[in-house]
There are 2 protein chains.
Amino acid sequence: MRKRGGGQPLYEQIADTLREQIRQGEYVPGQRLPPEAELLAHHGVSLMTMRRTLALLREEGLIATRRGMQALVRAQPVRRRVTLSAGSRLIGRMPSAPERQQLGLERGVPLLEIHCSDGTIEVVGADQVEVVQPFGTG
Amino acid sequence: MRKRGGGQPLYEQIADTLREQIRQGEYVPGQRLPPEAELLAHHGVSLMTMRRTLALLREEGLIATRRGMQALVRAQPVRRRVTLSAGSRLIGRMPSAPERQQLGLERGVPLLEIHCSDGTIEVVGADQVEVVQPFGTG
DNA sequence: CTTGATTTGTACGTATGTATT
DNA sequence: AAATACATACGTACAAATCAA
């Protein structure tokens, strides 16, 4: 149970704690967090505050939540390699909800627009991409 | 005022409408959306549903919200140009809340990690960056 | 500069729907 | 079929930032 110290909202304080626990390996990718009910009881907050915490971590791409299942710590996905051709540009942004659905992306996954020199635009989830140069070492 | 047609949540339906209105220029960058109270009355939903709609658009980077002010339609920021050196890699992801604060990023702005071949890592907000190759035309 | 009105942010409570186990 | 668990959606109250008088 926390108080409102430091002017930081409760849901951010709890998010800090969970983020640190995940970083330290208390929860590893593929593992599930405890149920909401358990988490909120442990931290002494309401359901809404707990859900806001989880929403924050989901936005960050740290966890994935699905109906009927406890929150899952997200694994580092295998990245697809994309080669930037000469003159191509790359823009990062968040997808709109329709784009997210169309591309099959989870919440918290940014989107990369690769504007190729031939005018074509390739759009992919940013967590699936590793960009290298055509003459890159990788 | 909508019903639950198509199985799509209310807040997504309303977000679709607002997104389209912004796309069509009914609200231009720098302009403010109507107050929450007005929006929720117009769409016939509760405060929570309206706030969820705005949260979605904020995550997408389409609007920015601040306490005491109506939601602002975000302008396309001037992009900083970053040159990828040979062997460098680029990863896109969402910043954690502390990173967001440290980098002074708004919610909804992804982050780009540029792993340079010399081992240094440059971290910047994705909406501030345009990536080009050293021999690029741009 | 201070006051007050407006507006969003945070937080709690409750009920129902729906997917998973 | 039943229990578990997250998603959606309504309602309420107070705090804090902004802006105008």
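Within every chain, numbering begins at 1; the chains are lettered A, B, ... in the order of the sequence lines, protein sequences first and strands thereafter.
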Enquirer: Once you round it to whole Å, what is the distance between P of D:dA7 and CG of B:Leu10?
Expert: 17 Å
Enquirer: Within this structure, what is the CE-to-P distance between B:Met50 and C:dT7, rounded to whole angstrom?
Expert: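 So the two atoms are 14 Å apart, to the nearest Å.
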Enquirer: Between A:Glu99 and A:Arg93 (salt bridge meaning N to carboxylate O under 4.0 Å), is one present in this structure?
Expert: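 A:Arg93 and A:Glu99: salt-bridged.
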Enquirer: Heavy atoms only: give me the nearest B:Thr65-B:Ala71 pair and the separation to one decimal.
Expert: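 Nearest pair, atom of B:Thr65 first, then B:Ala71: CG2-CB, 3.9 Å.
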Enquirer: Tell me which of B:Tyr11 and A:Met48 sits closer to the 5' end of DNA chain D, going by the nucleotide each one is nearest to.
Expert: B:Tyr11
Enquirer: Considering just the side-chain nitrogens and oxygens of B:Arg67, establish if one lies under 4.0 Å of OP1 or OP2 belonging to D:dA15.
Expert: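 For B:Arg67, the contact criterion (side-chain N or O under 4.0 Å from OP1 or OP2 of D:dA15) is not met.
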Enquirer: So which nucleotide from C:dA11, D:dA5, D:dA9 ends up closest to the side chain of A:Pro9?
Expert: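 Among the listed nucleotides, the one closest to the side chain of A:Pro9 is C:dA11.
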Enquirer: Starting at CG of B:Leu72 and ending at C1' of D:dA17, how long is that distance when rounded to a whole Å?
Expert: 15 Å
Enquirer: Determine the minimum heavy-atom distance between A:Arg32 and A:Tyr27, stating which atoms define it.
Expert: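 So the two residues come closest at O-CD2, 4.2 Å.
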Enquirer: Distance check needed: C:dT16 P versus A:Leu47 CG, whole Å only.
Expert: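 Rounded to whole Å, this separation is 16 Å.
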Enquirer: Taking only the side-chain heavy atoms of A:Arg58 (C-beta and beyond), determine which of C:dT14, D:dA7, C:dT7 contains the nearest atom.
Expert: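 Nearest nucleotide to the side chain: D:dA7.
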Enquirer: A:Arg51 near the nucleic acid: base, sugar-phosphate alone, or nothing, with a heavy-atom cut-off under 4.0 Å?
Expert: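 Base contact.
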Enquirer: Measure from CD on A:Gln70 to C1' on D:dA3 and round the result to the nearest Å.
Expert: 13 Å
Enquirer: Hey, what do you get for CZ (B:Arg100) to CD (B:Glu106), rounding to the nearest 0.5 Å?
Expert: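 It comes to 10.0 Å.
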Enquirer: Given D:dC19, is OP1 or OP2 found less than 4.0 Å from the side-chain N or O atoms of B:Arg32?
Expert: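 It does, given that an N or O in the side chain of B:Arg32 lies less than 4.0 Å from OP1 or OP2 of D:dC19.
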Enquirer: How many whole angstroms separate atom CZ of B:Arg52 from atom P of C:dA11?
Expert: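 Result: 17 Å.
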Enquirer: Quick check: on DNA chain C, is the nucleotide nearest A:Ser46 upstream (toward 5') of the one nearest A:Arg66, or the reverse? Name the residue that is more 5'.
Expert: A:Ser46
Enquirer: For C:dT10 and A:Thr49 - does any side-chain N or O of the residue sit under 4.0 Å from the phosphate oxygens OP1/OP2?
Expert: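 Result: no.
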Enquirer: Please report the distance, rounded to the nearest Å, between CE in B:Met69 and C1' in C:dA5.
Expert: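 Computing the B:Met69:CE to C:dA5:C1' distance gives 17 Å.
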Enquirer: Need the pair for D:dA1. Rule: Watson-Crick or G-U wobble, both distances under 3.5 Å, any strand; none if unpaired.
Expert: none
Enquirer: What closest approach, in Å, do B:Leu111 and B:Pro95 show between heavy atoms, and which atom pair accounts for it?
Expert: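 Minimum heavy-atom contact is CD1-CB, 3.5 Å.
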Enquirer: When the distance from CD of A:Gln13 to P of C:dA11 is rounded to whole Å, what number comes out?
Expert: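 Answer to the nearest Å: 8 Å.
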